[in-house]
Amino acid sequence: MPFSPPSVPARAASRSRPWRAALVSTCALATLLLTGPSPFGEASAIRMPPSAPSTPQPRATVREKILRLLERPESLPRAADWAPLGPDALTELLELASNPSSPEPQRTRAVAAIAVVENPEATQRLQGLLLDQATPDSVRAAATLALSRRAGLEAFPLLTPLLADRSEQVRATAAQTLGRMGGAEARKVLEERLPFEETLAVREAIQQGLSYIEP
């Protein structure tokens with residue numbers, strides 16, 4: 001049964017409105033990333049099947065190909081699409097993700113693609129985006145999802161502290177992501193966080209995360 005608090009402070013409800021639209025976009029991205037071919041419990045970055053070595057390409061060519069791939073926001077980033085670009089794709093994606101002049105939808109899609117690039121530094125770079133408080137909330141939320149897809153259950157201890165993040169959007173995304181991971185530990189941390197969460201939309205996200213976990 002969905003949780004219905006006896007009363008929610010009006011200030012908490014009003015605070016949630018500005019980013020509700022952004023959360024809808026983030027949840028759409030979550031649906032793609034969390035229901036993709038890389039199941040939780042496997043570190044996809046480690047278990048990704050090897051591919052033929054890619055031939056180094058001029059940077060301008062790499063950027064053009066990346067921009068074309070990012071023009072397909074409805075498509076789940078696939079390792080097969082990004083492997084031909086090689087490890088240099090990470091540098092270009094990070095530049096796009098960190099560029100304040102780039103549109104936020106493009107930045108979030110760039111972060112989503114970092115989950116599947118063939119570069120061993122990708123996981124660390126995603127953590128860096130999460131910790132950078134100057135990064136827009138939507139980009140940090142996308143990094144939460146990308147990290148969970150890339151590292152699987154190994155991301156659990158990195159995502160748990162986000163339930164108390166300053167950003168309501170990041171807290172909500174972390175709650176849903178942890179719920180998708182499932183397991184007794186995920187249920188425990190979500191149930192423990194619920195009484196302390198004041199924002200209605202985040203409480204709803206925690207409840208949704210709990211609904212993903214089998215009894």
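Just the heavy atoms: all of them, side chains too, but no hydrogens, waters or symmetry mates, feed the values below.
- In this structure, CG on Leu158 lies 4.5 Å from CD on Gln127, to the nearest 0.5 angstrom.
- Both Leu153 and Ile213 belong to a single network of hydrophobic side chains, linked directly or stepwise wherever heavy atoms of I, L, V, M, F, W or Y lie under 4.5 Å apart.
- Between Arg166 and Arg171 the shortest heavy-atom distance is O-NH1, 3.5 Å.
- Within a 6.0 Å sphere centred on CD of Gln133, other residues, nucleotides and ligands contribute more than 12 heavy atoms.
- Donor-acceptor pairing under 3.5 Å is lacking for the side chains of Thr135 and Arg140.
- Shortest non-hydrogen contact noted between Ala83 and Glu118 is CB-OE2, 3.7 Å.
- One distance of note links CD of Gln176 with OG of Ser211; it measures 8.5 Å at 0.5 Å rounding.
- Note that the CG atom of Leu145 and the OG1 atom of Thr177 stand 4.5 Å from one another [nearest 0.5 Å].
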*Would Asp132 and Ser98 satisfy side-chain contact (heavy atoms from CB on, under 4.5 Å), going step by step from the backbone distance to the final call?*
CA-CA 10 Å; Asp132 186 357; Ser98 305; over 6 Å; no
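- Of all the heavy atoms in Ala80 and Pro84, the pair that sits closest is O-CD, 3.3 Å.
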*Criterion side-chain contact (heavy atoms from CB on, under 4.5 Å) on Phe156 and Met181, from CA distance to verdict*: CA-CA 8 Å; Phe156 188 92; Met181 287 183 170; 3.8 Å; yes
*Test Glu121 against Leu90 for side-chain contact (heavy atoms from CB on, under 4.5 Å), laying out the working first.*
CA-CA 8 Å; Glu121 296 181 8; Leu90 177 61; 4.0 Å; yes
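- For Ser102, the side-chain contact (heavy atoms from CB on, under 4.5 Å) test picks out Leu96, Asn99, Gln106, Arg107, with sequence neighbours left out.
- You'll find the side chain of Glu64 reaches within 4.5 Å of the side chain of Arg68, heavy atoms only.
- Between Pro136 and Glu104 there is a side-chain heavy-atom pair separated by less than 4.5 Å.
- Salt bridge Arg203/Glu198: absent, no basic N to carboxylate O contact under 4.0 Å.
- With Arg63 contributing its side chain and Glu92 its backbone, the two residues share no donor-acceptor pair below 3.5 Å.
- When the side chains of ILVMFWY residues are joined at heavy-atom separations under 4.5 Å, either directly or via intervening members, Leu194 and Leu190 end up in a single hydrophobic cluster.
- Between Ala143 and Leu129 the shortest heavy-atom distance is CB-CB, 4.2 Å.
- Within the 4.5 Å cutoff, the side chain of Thr123 has no heavy atoms near those of the Ile114 side chain.
- Between Ala174 and Leu162, the shortest heavy-atom distance links the atoms CB-CB, 3.7 Å.
- With a 4.5 Å cut-off on side-chain heavy atoms, Ser148 and Arg180 do not count as touching.
- For CZ of Arg193, the number of neighbouring non-hydrogen atoms (other residues, nucleotides, ligands) closer than 6.0 Å is greater than 12.
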*Given the rule in the side-chain contact (heavy atoms from CB on, under 4.5 Å) test, do Ile206 and Glu197 qualify, once you have shown the distances and angles that lead to the verdict?*
CA-CA 9 Å; Ile206 293 173; Glu197 181 55 61; 4.1 Å; yes
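- Ser167 places a side-chain N or O within 3.5 Å of a backbone atom of Gln169 that can act as its donor or acceptor partner.
- You'll find the side chain of Val116 reaches within 4.5 Å of the side chain of Arg149, heavy atoms only.
- In this structure, the side chains of Leu126 and Leu130 stay at 4.5 Å or more apart for every pair of heavy atoms.
- Heavy-atom neighbours of Gln124 CD from other residues, nucleotides or ligands within 6.0 Å: at or below the threshold of 12.
- Of all heavy-atom pairs between Ala113 and Trp82, the closest is CB-CZ2, 3.5 Å.
- Cluster annotation: Val117 and Leu67 are assigned to the same hydrophobic cluster (Ile/Leu/Val/Met/Phe/Trp/Tyr, side-chain heavy-atom contacts under 4.5 Å, transitive).
- Two residues are said to be in side-chain contact when any heavy atoms from C-beta on lie closer than 4.5 Å; Phe196 and Leu163 fail this criterion.
- How far CG of Leu93 is from CG of Leu85: 8.5 Å, rounded to the nearest 0.5 Å.
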